[in-house]
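Residue indices begin at 1 and follow the sequence shown. Being a predicted model, the structure only gives us computed values, none of them experimental.
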Amino acid sequence: MTDSLLVDRNDAVVTLTLNRPEAMNALDVDLKEALRDTLASLETDRSCRAIVLAGAGRGFCVGQDLREHAEQLESGRTDLDTVRAHYNPIAQRLASMPKPVVAAVRGMAAGAGASFALLADFRIGGPSTKFLMAFANVGLAGDSGISWSLPRIVGHARALELLLLAEPVAAAEAHRIGMLSRLTDSDEEVLPAAVELASRLAAGPTVAYGAIKRELSIGDAGTLSDALAAEAQAQAICGGTDDHKAAVSSFLAKQKPVFAGR
C-alpha cells in the first residue's frame, strides 16, 4: 500500500486520508490508483459499515497534480485518459457506495477534490473550508461527477455560475447552500465530528442505508414509476435482513434495536 493514502480502521469505520500534505493532497497517479482500488475493496467489505474521507495537513484536496499533468502534456499526452482510468471509477464508487460516506473537508477542496467531497453523503467543514470549481481556470470542463452532484445540491443555475466563474465558496456560504452538511466552530473539530457521525451511521442498518441511497439516485432523476419500482425492490431486500427482523422485535418489546449491518 502506498503512503499517499492512509487507511485507518476503528471498529466498523474506515478512515481514508489523502496523504500528500506538501502538495495540498493533489492527486497524482499513485494516489488516484490507491483511492480507486481501496474504495473498490471497501464496497464489498462487510466489516466496513461507514467511510470517512479526509485530507492530511491544512487542505482537503486541490484536485489534479498539475506538475505531473504538465509533464504529460509536454510528452504529447493530451487525451486526459486519467478521467476514464481514475476519476470516473472513484466518482462511481463514492456515489454508489452501499454504506455511508462522510467527507471531513478541512481547508481547500478544489477541482476533483471538490467533486469527491460533493459525492459524499455528508460533508463536515470548518471555518477554513473552501470549495473551488477550478476546472475552467485551467481551460477544462468539469469531471469526477461534478456535473451530476453539484446541480443536485445547489441547483442548475448556481452550479453553472460556480463552474463558469470558478470563484471560491467560503465555509458559511457553502453551508448555507448545502455544499456542507455541517459547519463546526473550529477546524480542529472537523475530523472528530466526521468520525463521530460515521460511527453513529456504522451502528445503523447498513443494508437499509445502501438501499436508501440507491432509491434516491433513481428517484431523483427518474419517473414516479422508476421510483416505485426501486422502492419495491429495496423493501424486498431489506425485509429479509436480520436487522429488520431484530428491529421489529425490539419495537414490540419496547427496546432499542441493535443493528448488525446484515
Do the side chains of [Y] and [X] get nearer than 4.5 Å, heavy atoms only?
{"X": "L31", "Y": "L18", "answer": "yes"}
{"X": "R93", "Y": "I90", "answer": "no"}
{"X": "F131", "Y": "L180", "answer": "yes"}
{"X": "L201", "Y": "V102", "answer": "yes"}
{"X": "Q92", "Y": "N88", "answer": "no"}
{"X": "R106", "Y": "R58", "answer": "no"}
{"X": "V101", "Y": "F122", "answer": "no"}
{"X": "S96", "Y": "E43", "answer": "yes"}

Single-linkage hydrophobic cluster [X]~[Y], side-chain heavy atoms < 4.5 angstrom:
{"X": "V195", "Y": "L5", "result": "no"}
{"X": "F135", "Y": "M108", "result": "no"}
{"X": "I146", "Y": "I177", "result": "yes"}
{"X": "L39", "Y": "L118", "result": "yes"}
{"X": "L183", "Y": "V154", "result": "yes"}

So, for [X] and [Y], which heavy atoms are closest and what is the spacing to 0.1 Å?
{"X": "L53", "Y": "F116", "value": "CD2-CB, 4.4 Å"}
{"X": "Q64", "Y": "Y87", "value": "OE1-OH, 2.5 Å"}
{"X": "L164", "Y": "A136", "value": "O-CB, 4.2 Å"}
{"X": "L27", "Y": "A112", "value": "CD1-CB, 3.9 Å"}
{"X": "A56", "Y": "T17", "value": "N-CG2, 3.6 Å"}
{"X": "L132", "Y": "A114", "value": "O-CB, 4.2 Å"}

At what distance, to the nearest 0.5 angstrom, does [atom1] of [X] lie from [atom2] of [Y]?
{"X": "L16", "Y": "L94", "atom1": "CG", "atom2": "CG", "value": "9.0 Å"}
{"X": "S217", "Y": "R214", "atom1": "OG", "atom2": "CZ", "value": "8.5 Å"}
{"X": "L6", "Y": "T2", "atom1": "CG", "atom2": "OG1", "value": "9.0 Å"}
{"X": "C238", "Y": "I212", "atom1": "SG", "atom2": "CD1", "value": "7.5 Å"}
{"X": "H156", "Y": "S147", "atom1": "NE2", "atom2": "OG", "value": "11.0 Å"}
{"X": "D30", "Y": "K32", "atom1": "CG", "atom2": "NZ", "value": "10.5 Å"}

Whether over 12 other heavy atoms sit under 6.0 Å from [X] [atom1]:
{"X": "E231", "atom1": "CD", "result": "yes"}
{"X": "R182", "atom1": "CZ", "result": "no"}
{"X": "K130", "atom1": "NZ", "result": "no"}
{"X": "Q233", "atom1": "CD", "result": "no"}

Would the distance check show the side chain of [X] and the main-chain N or O of [Y] forming a donor-acceptor pair, the cut-off being under 3.5 Å?
{"X": "N25", "Y": "G59", "answer": "yes"}
{"X": "E189", "Y": "S186", "answer": "yes"}
{"X": "N10", "Y": "V13", "answer": "no"}
{"X": "R36", "Y": "A85", "answer": "yes"}
{"X": "T38", "Y": "L35", "answer": "no"}
{"X": "R123", "Y": "A120", "answer": "yes"}
{"X": "T241", "Y": "A208", "answer": "no"}
{"X": "D143", "Y": "V83", "answer": "no"}

Are [X] and [Y] ion-paired here, with the side-chain N under 4.0 Å from a carboxylate O?
{"X": "R158", "Y": "E167", "value": "no"}
{"X": "D121", "Y": "K99", "value": "no"}
{"X": "D65", "Y": "R20", "value": "yes"}

Regarding S199 and E196, do their side chains bring together a donor and an acceptor under 3.5 Å, going by distance alone?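 Result is no, nothing qualifies.
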Begin from the C-alpha positions of S4 and N19 and carry the test side-chain hydrogen bond (donor to acceptor under 3.5 Å, both in side chains) through to its verdict. CA-CA 5 Å; S4 64; N19 189 40; over 6 Å; no
Knowing that exactly one of V169, V105, T184 qualifies, which makes a side chain to side chain contact (heavy atoms under 4.5 Å, CB included) with T129?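 Only one of V169, V105, T184 forms a side chain to side chain contact (heavy atoms under 4.5 Å, CB included) with T129, namely V105.
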Step by step, would you call D45 with R9 a salt bridge (charged side-chain N to carboxylate O under 4.0 Å, His left out)? CA-CA 12 Å; D45 184 349; R9 290 178 176 265; 2.6 Å; yes
Could you pull out every donor-acceptor pair under 3.5 Å between side chains of residues 246-262 and any protein atom, sequence neighbours left out?
unit_1: S249; atom_1: OG; unit_2: K245; atom_2: O; d: 3.1
unit_1: S250; atom_1: OG; unit_2: A246; atom_2: O; d: 2.9

